[in-house]
There are 4 protein chains.
Amino acid sequence: MHTMQINVERHRGRRASLSERLPEGLVILPTARVRNRSNDTDYHFRYDSSFYYLTGFHEPEAVLVMQLGEQAKSTLFCQPKNELREIWEGFLYGPAAAREQFGFDEAYAIDQLDAKLIELIAGQPRLYFPIGFDEQWDRRIMGLVQQVQARARNGKPAPIEFVDVRAAVAEMRLFKDDSEVAIMREAGRISSEAHIRAMQTTRAGQFEYEVEAELLYHFYKNGSRYPAYGSIVASGANATCLHYHENNRRMHDGDLLLIDAGCELHGYAADITRTFPVSGRFSGPQKDIYQLVLAAMEASFEQVRPGASRIAYHDASVRTLTQGLLDLGIFKGTVDGLIESEAYKQFYMHGTGHWLGLDVHDVGEYKIDGHWRSLEAGMALTVEPGLYFRPLLPDSPSHYVEVPEAFLHIGVRIEDDLVVTRDGHENLTALTPKTVADIEATMARQAG
Amino acid sequence: MHTMQINVERHRGRRASLSERLPEGLVILPTARVRNRSNDTDYHFRYDSSFYYLTGFHEPEAVLVMQLGEQAKSTLFCQPKNELREIWEGFLYGPAAAREQFGFDEAYAIDQLDAKLIELIAGQPRLYFPIGFDEQWDRRIMGLVQQVQARARNGKPAPIEFVDVRAAVAEMRLFKDDSEVAIMREAGRISSEAHIRAMQTTRAGQFEYEVEAELLYHFYKNGSRYPAYGSIVASGANATCLHYHENNRRMHDGDLLLIDAGCELHGYAADITRTFPVSGRFSGPQKDIYQLVLAAMEASFEQVRPGASRIAYHDASVRTLTQGLLDLGIFKGTVDGLIESEAYKQFYMHGTGHWLGLDVHDVGEYKIDGHWRSLEAGMALTVEPGLYFRPLLPDSPSHYVEVPEAFLHIGVRIEDDLVVTRDGHENLTALTPKTVADIEATMARQAG
Amino acid sequence: MHTMQINVERHRGRRASLSERLPEGLVILPTARVRNRSNDTDYHFRYDSSFYYLTGFHEPEAVLVMQLGEQAKSTLFCQPKNELREIWEGFLYGPAAAREQFGFDEAYAIDQLDAKLIELIAGQPRLYFPIGFDEQWDRRIMGLVQQVQARARNGKPAPIEFVDVRAAVAEMRLFKDDSEVAIMREAGRISSEAHIRAMQTTRAGQFEYEVEAELLYHFYKNGSRYPAYGSIVASGANATCLHYHENNRRMHDGDLLLIDAGCELHGYAADITRTFPVSGRFSGPQKDIYQLVLAAMEASFEQVRPGASRIAYHDASVRTLTQGLLDLGIFKGTVDGLIESEAYKQFYMHGTGHWLGLDVHDVGEYKIDGHWRSLEAGMALTVEPGLYFRPLLPDSPSHYVEVPEAFLHIGVRIEDDLVVTRDGHENLTALTPKTVADIEATMARQAG
Amino acid sequence: MHTMQINVERHRGRRASLSERLPEGLVILPTARVRNRSNDTDYHFRYDSSFYYLTGFHEPEAVLVMQLGEQAKSTLFCQPKNELREIWEGFLYGPAAAREQFGFDEAYAIDQLDAKLIELIAGQPRLYFPIGFDEQWDRRIMGLVQQVQARARNGKPAPIEFVDVRAAVAEMRLFKDDSEVAIMREAGRISSEAHIRAMQTTRAGQFEYEVEAELLYHFYKNGSRYPAYGSIVASGANATCLHYHENNRRMHDGDLLLIDAGCELHGYAADITRTFPVSGRFSGPQKDIYQLVLAAMEASFEQVRPGASRIAYHDASVRTLTQGLLDLGIFKGTVDGLIESEAYKQFYMHGTGHWLGLDVHDVGEYKIDGHWRSLEAGMALTVEPGLYFRPLLPDSPSHYVEVPEAFLHIGVRIEDDLVVTRDGHENLTALTPKTVADIEATMARQAG
Ligand SMILES: [Mn+2]
Ligand SMILES: [Mn+2]
Ligand SMILES: [Mn+2]
Ligand SMILES: [Mn+2]
């Protein structure tokens, strides 16, 4: 879906910004490979996120090459224009149109890449590329470097430093600009509506994948041709498996249904989790657990603001959940002691969120020099506390407690997408019903 | 969707049959790799078709090893059972349960593969594996062979022949058994219904992908989590691009809409194309072209029966289309002369069909020793004539004719899935409306 | 040293013979790579033995391609003629002269290899190449096969069998023709003379490598620019290390000196071992052991004749050595019992010989279907019994015996090169002194 | 020949010095691979020069790992001690003895390398290794980095910079310390003696390789088991081919014989060229050319002193040779004009020398930031002017002149090895006769 206006200036600005961050050298950044699915059928192509972030270019078999320094220059290598081939395989920009419409300084056909790179690599002190990411690219680029070395006698020396360019782009991508937040807001809206549709169409007796069908249908109708990640539609005990994705169980009245699903829009991910009763009404124990998780979420929200430590909102959820488990009689002891001993990990074994952006688990460091970094405006992240009650495994740690019968097999997670603003945060997925009352009311209004 | 009963005997029978076809040696057949989509997010895993055909096993990171000859034995290597990891990543069979439920003679954890293979390779005259398919598997297996060579002094010799096992499995897969036809019949039914839904929901003003959403929704609701190939939803001039897949044009009254889409069910593909008017009513020139393509299809159907040459049904379409283009005044000359000069390739540049099965372009040779093979019962194939009227390119062959204005930009293709029976064929997708009258009537009954 | 007359007919005959032995397909046989020694300095190039056997061509960067079957054809790919480059790097034949002088049907520059192979591979049922020998050749050839596969739709199919061509050439190389025996006779003569020179120049106080210098000097003066293998010049206890190659000990009166060295002439190896006293006179215990090994050698010689089992001459040495060790009081028991328990392996841990030819450990199977093959006229082999008396290691097998003080650190091996004839064998290295008397007499005649 | 006292402190000092030069990170430096010659026979192992420079360790299958920074530590990975295997393959230090005798902080068996590296790589900002030098090492190390990346979530990050460690070691190796100069002086002496032996044994009617045999014999007798590079023994017109190495022509009275040969001692190269008449007496034209080259050499010698530009001694040879060719009537014009037009390149097409050390073409940059560097004390280099008179090729540049008949096929080069001292230079190979008079006198004293 490339219906968006391409914003040439924005991508050009990102390349200029990267150029300023990096010491002299040459950037070589290929987009992703087309991935084979079976025999001659491929998966739907997904560009490399960092390549797309810097170029806006969505065709496969493309490489961005950037000369840095005073005479910075961006060159695109892409598939050549070929009208005969396009009868079979569809439209291609070709170098000339790509250069003009995407704002590159130069553009060439991809089959010229090696010849041009040999010229461009010679004399560079270092190369920036996604080294260690793809064996074939490593071998190809190091092979070109060897050719430059072989010619270097009295000529231009070959580079001796090789830097993973993904690190610098990751740090840029961590801070979303207005245009990115606008897309993510839209992705959040579409995904919220899809969750509402799921609540309103779920019926006992259906298979989980039938609910998934409703979510994907709504994504697709709104121009999202791929979910941001494999949807989790987990009913009953399945909800206690964190990345359940079989989605083929028949649902029953009395089950909770945990849905973790979000669309991908113009490359950007939404990531929403809701947990609701198949019957439309929470049982008592379900409501106890649900409201505890919701309270944890609200405690976490307060910690999502500029200057707060990256870990503070996780700590807030941990404290709230531990207190709640004490209050429910599941834990014995003191809150501080239980946190100290990590007792909560029996029921809450994952973190409270991750960066969000062009990847659902978006890039960007969590720590700087071993210390949690502070939140800053423009960072986008998820908040997703949960509780999962599984039977004790035979070889569980000795401090694990017996799970009360009433809570066994309950799994609850609630997840929203937030972007840090100058004075707090914006919830991009606030539209999705979250309180017990709102959920029950939404479910009562069955879809037409 | 692994809701089907696993038919252990059927898969065991296929392995026995393969064993009988192959001279002494060792078969090593890995399933497909998990394919990365972006950062840490993968595409939905699709097993290797031939691996699945022989095993029924659908988990990733699995390898089938078969000792051939008198003491034939099938061994599965798969991911080890690990309940702690399953909390995070979901259910795994593990070797013990996989051996029992899928009927292998032995099963081991995948991390034992190299050690066991070194033992099994020694003394074998030849290895059967998908050589040349995956660089890393080639390197790994040839590395093991080198280790066997290094130990061979006075011991068991290393193999010196390496055969692409895919060829023998392909010949088996070409002939579908009853259970396969049953699944394909079901895949055809679901896909037909989806096309009907598309006809009944299409409206001028929609984007093409909105129609695609209806198709995928129906697939998914019926347990097909992936289409058999990237759907083509091509309106107006887009229909003259054979593999158009952008699907993001806004449709107008007066457009024809060409949809080429089918679901994948338990691994088996359906592949249906229909072309219909967005408005619900064909125009005169659209109807002329449509009925000509439909006549070609009917002529082809007569050639799909045991004993007919594989190419006969293509020839039938070519002759019918050529005659029709003469009758319409687009061509001048004689039918035989036009066929001889391949004049039809200006408007009909593709073949009339392909094998169909676990892959949409299914495996199996089309020719034996350079000659087209004959059709036999159990072969499944598509019949898909078409006509595509594009403006002349500047450097077109000199014998290409000018396209009459009335037909310009019209693209029509009609495609059904047939399986050859003992006395003719069965049309697995006959349910989908195909005549002008049926299509117009179907479209008049708008979806609720 | 390519001073020999190239015998075009002989190499052409070998290619024809190979062609008759192999079922239809394409042979691809590269010569060896130039091996880097350090920085930009390479080792002295050695062609691949099988490539040279079939072509007589000695330049690096060359590949033999053979089309088999009715229209058999041999094509050489080699470095192009380039007079400017030859000012720097020396003479090259170039394709035109190579074709004519070495008798190929066609010849091309090596940079055309990939393009030509793609044409030649298409339509072949199998490829013969040294698969599994060199990772880069495997990858390159399988990459070409993939390109052929990608073009195969309705065209020429890609091969699906890949056979290690080395096996068939090895069986041919096992049987030496007259011209090969003539070269090996000459290599034996030069190497014998070198051993005599070593006997006559050895002095107590010299380093072992000084004796090696004499051997290599004689090889080189006679046109052998490389020894057939790393020379072993092992004095005193060093002789009990089987592949000692440091050669840097200072020799003393009273030491035995074991020399295992042979020249390579026109690619063919000689392989001679002699053991003699540094002082020129054997001590009593040295003479006891030496004469026992010599007796074993003579017993083995009787088993080198057509029709004898390949293992018979090893068994003869084992029996003679075991009896001798009994007679010397080192072993207790019966000969048959000691052979049964492999007691001899404490002092004689290696085999009694190996095939000899273009490689010192020449190619060719020792067993057929698990059984030792019979000797036949034309086979060339070494006979090399030995005895090595080392102190017991702490964790030696319990049946190992204590070594009498008088024999400790003695190592003796005697090795000659034999070719099987129609009625027995010819000893190619008989010129080298071997009896105690001859050795002592030779050493008494010191070199001028 | 590892008869030298290992100087542990010197190698430890080099590692410390490297550690000071490099920003924080981990050094991984493997020694060279054992190189296969044919079938199971390998070339004589040569360690990697930089590995040896830093360790003094000469066994194959060894890797130096250095942790840099405050807690710098050097670890050796080498072959494990195995007395049983040593019976077959000879002595190995093993980690324990290697650590002690070569002064490492730690040492481990080589099969622990991957496991240890995964620990050591984690948390490092950069890796230093010979990246781009050996495909298999690149793949192995980047594979380990990927494993560290996969574990990095919340743990120690993987490095993102990869630096070719060879550059920093090269700059160290460029400056020879006293112990290195001492070895090179010895290598120069042995090589000089060998050239004298060659002069005194050369006779018309011999093959060139017989002279080579004398050189190699003298090297070997003096403990040099390998020449520093492939010897050039080029008589008559062969001397005009710069890297002639066939060495198989029969020499005649009247020929000049050009010998370029030097020994390798404890890893260090000598590199001497002399040109002399096979008959023992120079002809008139031979003497003209010879004395001109010798004059160029003497002019160059004056420019080998601290502070002189690296290119000055080449320029001195060029000017002297150009003036001489004018004086001989071969050139017409002015010296400056002829230098400007590079007329001399017709007869003198190579540079006047190269760095010398552990490699004959030793490492170290010739230019800094595109400008020729200055000579400094401790640099070792060759001075090797020459003249080569070949017939004009058909497509020679238009300014090339006709070669006077008297000089045709004459090739002369003279080469010595110099080390820059604080006030000039020391000639390490001055012992080799160089004037016409000295050469003729030396040849008159024929070897006994
Ligand atoms: Mn999430
Ligand atoms: Mn189709
Ligand atoms: Mn031997
Ligand atoms: Mn030199």
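Just so it is clear: chains get the letters A, B, ... in the order the sequence lines come, proteins before strands, and each one is counted from 1. Every heavy atom of this structure was used, including side-chain atoms; hydrogens, water molecules and symmetry mates were not.
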Would you find more than 12 non-hydrogen atoms of other residues, nucleotides or ligands less than 6.0 Å from F133(B) atom CZ? no
Parallel, tilted or perpendicular: rings of Y344(B) and Y348(B) (30°, 60°): tilted
With only heavy atoms counted, which part of D359(B) is less than 4.5 Å from chain A, the side chain, the backbone, both or neither? side chain
According to the interplanar angle, ranging from 0 to 90°, do the rings of H44(A) and Y226(A) count as parallel (below 30°), tilted (30 to 60°) or perpendicular (above 60°)? parallel
Counting heavy atoms not belonging to E365(A), are there more than 12 under 6.0 Å from its CD? no
Could you look at E214(A) and say if it's the side chain, the backbone, both or neither that has a heavy atom under 4.5 Å from chain B? both
Count the heavy-atom pairs under 4.5 Å between each of R37(B), R46(B), H243(B) and chain A, then report the option with the highest count. R37(B)
How far apart are the closest heavy atoms of R203(B) and M251(B), and which atoms are they? O-CE, 3.7 Å
Residue among E83(A), E89(A), R390(A) with most heavy-atom pairs under 4.5 Å to chain B: R390(A)
For the candidates T240(A), L216(A), V360(A), which exhibits the highest count of non-hydrogen atom pairs separated by less than 4.5 Å from chain B? L216(A)
Using 30° and 60° as the class limits, which term best fits the ring planes of Y43(B) and Y43(A): parallel, tilted or perpendicular? parallel
May I ask you to decide if the ring planes of Y217(B) and Y217(A) are parallel, tilted or perpendicular, using 30° and 60° as cut-offs? tilted
R33(B) portion near chain A, given a 4.5 angstrom heavy-atom threshold: neither
Specify whether W355(A) and Y366(A) have parallel, tilted or perpendicular ring planes, treating 30° as the upper limit for parallel and 60° as the lower limit for perpendicular. parallel
Answer with side chain, backbone, both or neither: which region of N238(A) has an atom nearer than 4.5 Å to a non-hydrogen atom of chain B? neither
Of the listed I87(A), D48(A), L242(A), the one with the largest count of heavy-atom pairs under 4.5 Å with chain B is I87(A)
With a 4.0 Å cut-off, would you call E135(A) and R139(B) a salt bridge? yes
Using non-hydrogen atoms and a 4.5 Å limit, figure out which bit of S38(B) sits close to chain A: side chain, backbone, both or neither. both
Are N82(A) and L92(A) side-chain neighbours, meaning at least one heavy-atom pair lies under 4.5 Å? no
With only heavy atoms counted, which part of D395(B) is less than 4.5 Å from chain A, the side chain, the backbone, both or neither? neither
What is the ring orientation for Y52(B) with Y47(B), classed by angle as parallel under 30°, tilted 30 to 60°, or perpendicular over 60°? parallel
Under a 4.5 Å heavy-atom cut-off, does chain A meet the side chain of P227(B), its backbone, both or neither? backbone
If one checks every heavy atom of F219(A) against chain B at 4.5 Å, the contacting part turns out to be neither
Among E86(B), H218(B), M349(B), R166(B), the residue with the most heavy-atom pairs under 4.5 Å to chain A is M349(B)
Under a 4.5 Å heavy-atom cut-off, does chain A meet the side chain of E264(B), its backbone, both or neither? side chain
Non-hydrogen atoms of Y229(A) and D271(A) that approach each other most closely: OH-OD1, 2.8 Å
Portion of S396(A) that has a non-hydrogen atom of chain B nearer than 4.5 angstrom: neither
Contacting region of L393(A) [heavy-atom separation from chain B under 4.5 Å]: side chain
Residue selection (most heavy-atom pairs with chain B, distance under 4.5 Å) from K221(A), Q206(A), E210(A): K221(A)
Greatest number of non-hydrogen atom pairs under 4.5 angstrom with chain A, of G230(B), G90(B), C241(B), falls to C241(B)
For chain B, which candidate among N39(A), T41(A), V363(A) shows the most heavy-atom pairs at distances under 4.5 Å? N39(A)
So, the part of H350(B) with a heavy atom under 4.5 Å from chain A: the answer is both
I would like to know whether R173(A) and S50(A) meet side chain to side chain donor-acceptor pair (under 3.5 Å); could you show each step before the answer? CA-CA 8 Å; R173(A) 282 173 51 189; S50(A) 290; 2.8 Å; yes
Need one label for R35(B): side chain, backbone, both or neither, based on atoms under 4.5 Å from any heavy atom in chain A. side chain
